[in-house]
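Beneath this line is the structure, given in structure tokens, with notes to follow.
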Amino acid sequence: MDKPRFSGKVMAITGAAQGIGKAVAERAAQEGAKLALIDRAPYLTEVTAALKEQGAEVIALQADLENWEATRNALNQVQQHFGRLDILVNNVGGTIWARPFAEYDAQQIEAEIRRSLFPTLWGCRAALPHMLAQGRGVIVNVSSVATRGVNRVPYSAAKGGINALTQSLAFEYAGSGIRINATAPGGTEAPPRLTPRNSEPPTSQEKAWYQQVVNQTLDSSLMHRYGSVNEQAAAILFLASDEASYINGTVLPVAGGDLG
């Protein structure tokens, strides 16, 4: 390559304060992207400051992406600041509880769906008007191979919704110069979360249920290991780049051979 893949392009990344989203931001900055990092966590500013020190052009936007108005306002601010939106990485989501489906109560089921489906649904809806106006754009959604797995049925349903969303939107907007794909990560090693998804300490039974998730994740992967955040970021950025210009409506498993 004679120049960085994202030189001059504006990329918005949700859930960028830690984990996969942070890794995507760091790697995209190295490849020349102008970045808008969006997260509800206040320490997003620390990630932004570190990238600025390395010479990246980056802004931080604090928003609760489970809320439509907050999501729309955040993407509008990206447009206002940079004058365009070339790439959106919808990364927000994650299991809050791990337990057999019969053990979830109604409020927990709704919370899982709000956490792992709506930020991507709202993100796509908020980004599309900007991409349609400029006649091109790329969206990469982060799904999961846990659409087939144990002790996470509401999360699985949310991620299955992201797969359907990705494929249907790709059909609708391919003629408008917009590509929409998704990655489906498997188990991924990441630094401890600065803000736990579940603030309640797990009981011994909940620890046992989560261990079943870990065991199933390792057994389902042909490589029998967890991936790294950098391995996940590499796949996301491939789909975001022009190298994937003939890939559309695809959900790419990144799970050591587990296809979900």
Side-chain angles (χ1 to χ4, degrees), residues 1-16 20-38 56-58 75 78-79 81-93 119-121 123-145 159 161-186 227-257 259-260:
M1 294 182 293
D2 58 356
K3 66 177 181 179
R5 289 183 296 180
F6 304 109
S7 179
K9 293 189 176 182
V10 175
M11 181 185 301
I13 305 166
T14 72
I20 293 172
K22 181 183 176 184
V24 171
E26 292 169 343
R27 291 173 66 113
Q30 293 170 1
E31 295 202 52
K34 299 177 182 180
L35 296 173
L37 309 185
I38 309 171
E57 186 174 349
V58 54
L75 271 296
V78 177
Q79 175 71 32
H81 182 87
F82 290 107
R84 61 185 301 106
L85 173 60
D86 298 300
I87 301 163
L88 170 63
V89 177
N90 283 311
N91 172 65
V92 170
T120 297
L121 193 71
C124 290
R125 177 61 183 84
L128 279 169
H130 303 302
M131 293 181 175
L132 288 167
Q134 65 200 25
R136 62 177 295 148
V138 177
I139 297 174
V140 181
N141 299 323
V142 179
S143 180
S144 175
V145 294
K159 292 300 189 178
I162 288 176
N163 293 351
L165 169 69
T166 298
Q167 293 161 347
S168 294
L169 284 179
F171 265 114
E172 284 194 20
Y173 291 103
S176 301
I178 300 171
R179 290 192 302 109
I180 303 164
N181 292 293
T183 63
S228 70
V229 292
N230 281 322
E231 287 173 317
Q232 298 300 337
I236 291 166
L237 291 174
F238 166 67
L239 291 176
S241 76
D242 289 341
E243 292 179 289
S245 58
Y246 197 46
I247 301 175
N248 200 14
T250 294
V251 179
L252 174 64
V254 190
L259 303 181

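Side-chain atoms are counted along with the backbone in the values below, which use heavy atoms only and exclude waters and symmetry mates. Here the structure is a predicted model, which is why all the values come from computation and not from measurement.
Pairs of residues two or more places apart, or lying in two chains, never qualify as side-chain hydrogen bond (donor to acceptor under 3.5 Å, both in side chains) while including a residue from residues 244-256. Listed by first then second residue, pairs satisfying side-chain hydrogen bond (donor to acceptor under 3.5 Å, both in side chains) with a partner in residues 128-144 read Asn76-His130, Asn90-Asn141, Asn141-Thr166, Ser143-Asn163, not counting sequence neighbours.
At most 12 non-hydrogen atoms from other residues, nucleotides or ligands lie less than 6.0 angstrom from CZ of Arg125.
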Worked check of side chain to side chain contact (heavy atoms under 4.5 Å, CB included) between Val142 and Gln232: CA-CA 9 Å; Val142 179; Gln232 298 300 337; over 6 Å; no
Trace of the side chain to side chain contact (heavy atoms under 4.5 Å, CB included) decision for Asn91 with Val24: CA-CA 10 Å; Asn91 172 65; Val24 171; over 6 Å; no
Residue pair Tyr173, Leu132: steps toward the side chain to side chain contact (heavy atoms under 4.5 Å, CB included) verdict: CA-CA 9 Å; Tyr173 291 103; Leu132 288 167; 3.8 Å; yes
Test side chain to side chain contact (heavy atoms under 4.5 Å, CB included) applied to Asn230 and Arg27, step by step: CA-CA 8 Å; Asn230 281 322; Arg27 291 173 66 113; 3.8 Å; yes
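Annotation for Ala36 and Val78: closest pair CB-CG2, 3.5 Å, computed over non-hydrogen atoms. Considering every non-hydrogen atom in both Gly15 and Val92, the closest pair reads N-CG2, 3.4 Å. For the residue pair Pro4 and Gly32, the shortest heavy atom distance occurs at CB-N, 4.1 Å. Considering every non-hydrogen atom in both Leu259 and Pro253, the closest pair reads CD2-CG, 4.0 Å. For the residue pair Ala235 and Val254, the shortest heavy atom distance occurs at CB-CG2, 3.6 Å. Residue Ala25 comes nearest to Leu35 through the heavy atom pair O-CD1, 3.4 Å, listed as atom of the first residue, atom of the second, then distance.
The closest donor-acceptor contact from the side chain of Arg179 to the backbone of Leu239 lies under 3.5 Å. Checked by atom type and distance alone, the side chain of Asp86 never pairs as donor or acceptor with a backbone atom of Gly137 at under 3.5 Å. Although no hydrogens or angles enter the test, the distance criterion places no donor-acceptor pair under 3.5 Å between the side chain of Thr14 and the main chain of Ile38.
Atoms CD1 and CD, from Ile236 and Glu231 in turn, are 12.0 Å apart once rounded to the nearest 0.5 Å. With rounding to the nearest 0.5 angstrom, the NE2 atom of His81 is 5.5 Å from the CD atom of Glu57. To the nearest 0.5 angstrom, Asp242 atom CG is 3.0 Å from Lys9 atom NZ. In this structure, CD1 on Ile139 lies 11.0 Å from CD1 on Ile87, to the nearest 0.5 angstrom.
Looking only at side-chain heavy atoms (C-beta outward), Leu128 and Leu169 come within less than 4.5 Å of each other. With a 4.5 Å cut-off on side-chain heavy atoms, Asn181 and Leu252 do not count as touching. In this structure the side chain of Met131 never reaches within 4.5 angstrom of the side chain of Ile180, judged on heavy atoms. Looking only at side-chain heavy atoms (C-beta outward), Phe6 and Leu237 come within less than 4.5 Å of each other.
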